Number of protein chains: 2
Amino acid sequence: MSKNAREDILEVAKKAAQARGYGGLSMRDLAAEVGIKAASLYYHFPSKADLASAVAKRYWEDAAADLEKIWDEYSDPAERLRFFPVTFRRALENENRMCLCSFMGAEYDDLPDPVKKEVQVFADVNVAWLEKALVATGAVEPDASEARAKAVFAAVAGAQLMARSRADISLYDTLIESYRTAGLLPA
Amino acid sequence: MSKNAREDILEVAKKAAQARGYGGLSMRDLAAEVGIKAASLYYHFPSKADLASAVAKRYWEDAAADLEKIWDEYSDPAERLRFFPVTFRRALENENRMCLCSFMGAEYDDLPDPVKKEVQVFADVNVAWLEKALVATGAVEPDASEARAKAVFAAVAGAQLMARSRADISLYDTLIESYRTAGLLPA
DNA sequence: ACCTGAACACCGTTCAAGT
DNA sequence: ACCTGAACACCGTTCAAGT
């Protein structure tokens, strides 16, 4: 693919993990897609756990950068919140994939600790951004803003999961719109 | 365990699938826990897909029965809705397990078609019950009731997923309470 | 009717060996 | 520095064979 095998591995592994999770991520298949042998993977990453941890870390770093971009592009607090669900929509647009961290959240029991840690940072980053954005709208009581931010995150993740389980992206849009009608997200 | 091996298999497989999903369900481990050899599993079920399909079918049947019970036990529509999240809470109480169908929803790409079908029926059953209950409260416009029912289902599933990913059942309670404060569920 | 051992093609992982 | 083949203990599954 590119000149940098390590980059290729991370990229292909990310897409695979978004579709099949940690357990479903096959080192042999991954290697084949990158164009090397499975054993060669272990030159770049000491173990599957290390690889997945690096993938999850980059995943939340990219998410954080995306959220920063939304923040800077819009000044209206409600406008910013309008765009939050778009980042989760993109995974579904991308061949019905889902958030890597939602999938791995489900796999909690089988997740190596370093991976678990990065997965939780992803949620932390999203919740912190949402809380900041919600407080700025002034529509949420300050002492309820953290709980509300978590609620929005959980609900959006749930919408993505449900839409994926039907391979129906229009269902995702319906769900987000219902959240707005119900008052969970600003209309 | 019991006298009936088939029953034991279904029961143990259900708990395993709630913790590790379809992919994480190991026929060898399952057999060991039941007290037979892996090959013997294939006497009772022709394949892993058939076993998982039977498990998922029973799962939504049990869920439907639970919902019926809630419906009959309470006559106040809002009261009925108050108890909906309790069924999802029980999985978390049970050693941080989650809804089998949420997990398998994430595994969409690797799910055999018969399993996929049963998983979707689970969502259908829940959404139909929720819609009935929401309409009865009179608080939701009739032409928005289906979308709202789906939204509640997705949000509750998302709350369960997020709480599981932290092994924190109190987070689940916080999220459900936030849904009520926000207006997604009746307060 | 119900279960088993042995075999099949897979998997993640290791490691000594190649260039 | 980067990759590989061969081997390890696993996996789901099959099947002929046992009782």
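Computation of the quantities below employed the complete heavy-atom set of this structure, encompassing side-chain atoms and omitting hydrogens, waters and symmetry-equivalent molecules. All values reported here derive from a predicted model rather than from experimental measurement. Lettering of chains follows the sequences in order, A, B, ..., and the numbering in each one begins at 1.
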message = Using a heavy-atom cut-off of 4.0 Å across all strands, would you classify A:Leu51 as base, sugar-phosphate, or nothing?
response = nothing
request  = Name the nucleic acid region contacted by B:Leu30, choosing base, sugar-phosphate or nothing; use a 4.0 angstrom heavy-atom cut-off, strictly under.
outcome  = nothing
message = If the threshold is 4.0 Å, N to carboxylate O, is there a salt bridge linking A:Arg58 and A:Glu7?
response = yes
query = Which nucleotide in the list D:dG12, C:dT13, D:dC11 gets nearest to the side chain of B:Asp29?
reply = D:dC11
Whether [X] contacts [N] is assessed here as follows: a side-chain N or O lying under 4.0 Å from the phosphate OP1 or OP2. Is that the case?
X: A:Ser26; N: C:dG12; answer: yes
X: A:Ser40; N: D:dC2; answer: no
X: B:His44; N: C:dA1; answer: no
X: B:Tyr42; N: D:dT13; answer: yes
X: A:Tyr43; N: D:dC3; answer: no

From [atom1] of [X] over to [atom2] of [N], roughly how many Å is that when rounded to an integer?
X: A:Arg6; N: D:dC3; atom1: CZ; atom2: P; result: 13 Å
X: A:Leu25; N: D:dC11; atom1: CG; atom2: C1'; result: 16 Å
X: A:Met27; N: C:dC10; atom1: CE; atom2: C1'; result: 16 Å
X: A:Asp50; N: C:dT13; atom1: CG; atom2: C1'; result: 13 Å
X: A:Phe45; N: C:dG12; atom1: CZ; atom2: P; result: 15 Å
X: A:Leu111; N: C:dG12; atom1: CG; atom2: P; result: 16 Å
X: B:Leu41; N: D:dG12; atom1: CG; atom2: P; result: 9 Å
X: B:Asp8; N: C:dC2; atom1: CG; atom2: P; result: 13 Å

query = Does atom CZ of B:Arg180 have more than 12 heavy-atom neighbours from other groups under 6.0 Å away?
reply = yes
task = Find the partner of D:dT14: check Watson-Crick (N1-N3 plus N6-O4 or O6-N4) and G-U wobble (N1-O2, O6-N3) distances, both under 3.5 Å, and reply none if neither fits.
result = C:dA6
query = In the structure shown, which nucleotide is the Watson-Crick or G-U wobble counterpart of D:dT19, with both distances under 3.5 Å?
reply = C:dA1
query = DNA chain D: A:Ile36 or A:Arg28, which has the more 5' nearest nucleotide?
reply = A:Ile36
remark   = When A:Lys37 and B:Ala38 are each assigned the nearest nucleotide of DNA chain D, the 5'-most assignment goes to A:Lys37
ask   = Closest approach of A:Met27 and A:Leu41, non-hydrogen atoms and distance?
value = O-CD2, 3.1 Å
ask   = Mind checking whether A:Leu161 and A:Tyr179 sit in one hydrophobic cluster, side chains of I, L, V, M, F, W, Y counted as touching below 4.5 Å?
value = no
query = Do A:Val125 and A:Met98 sit in the same hydrophobic cluster, where Ile, Leu, Val, Met, Phe, Trp and Tyr count as joined when their side-chain heavy atoms come under 4.5 Å apart?
reply = no
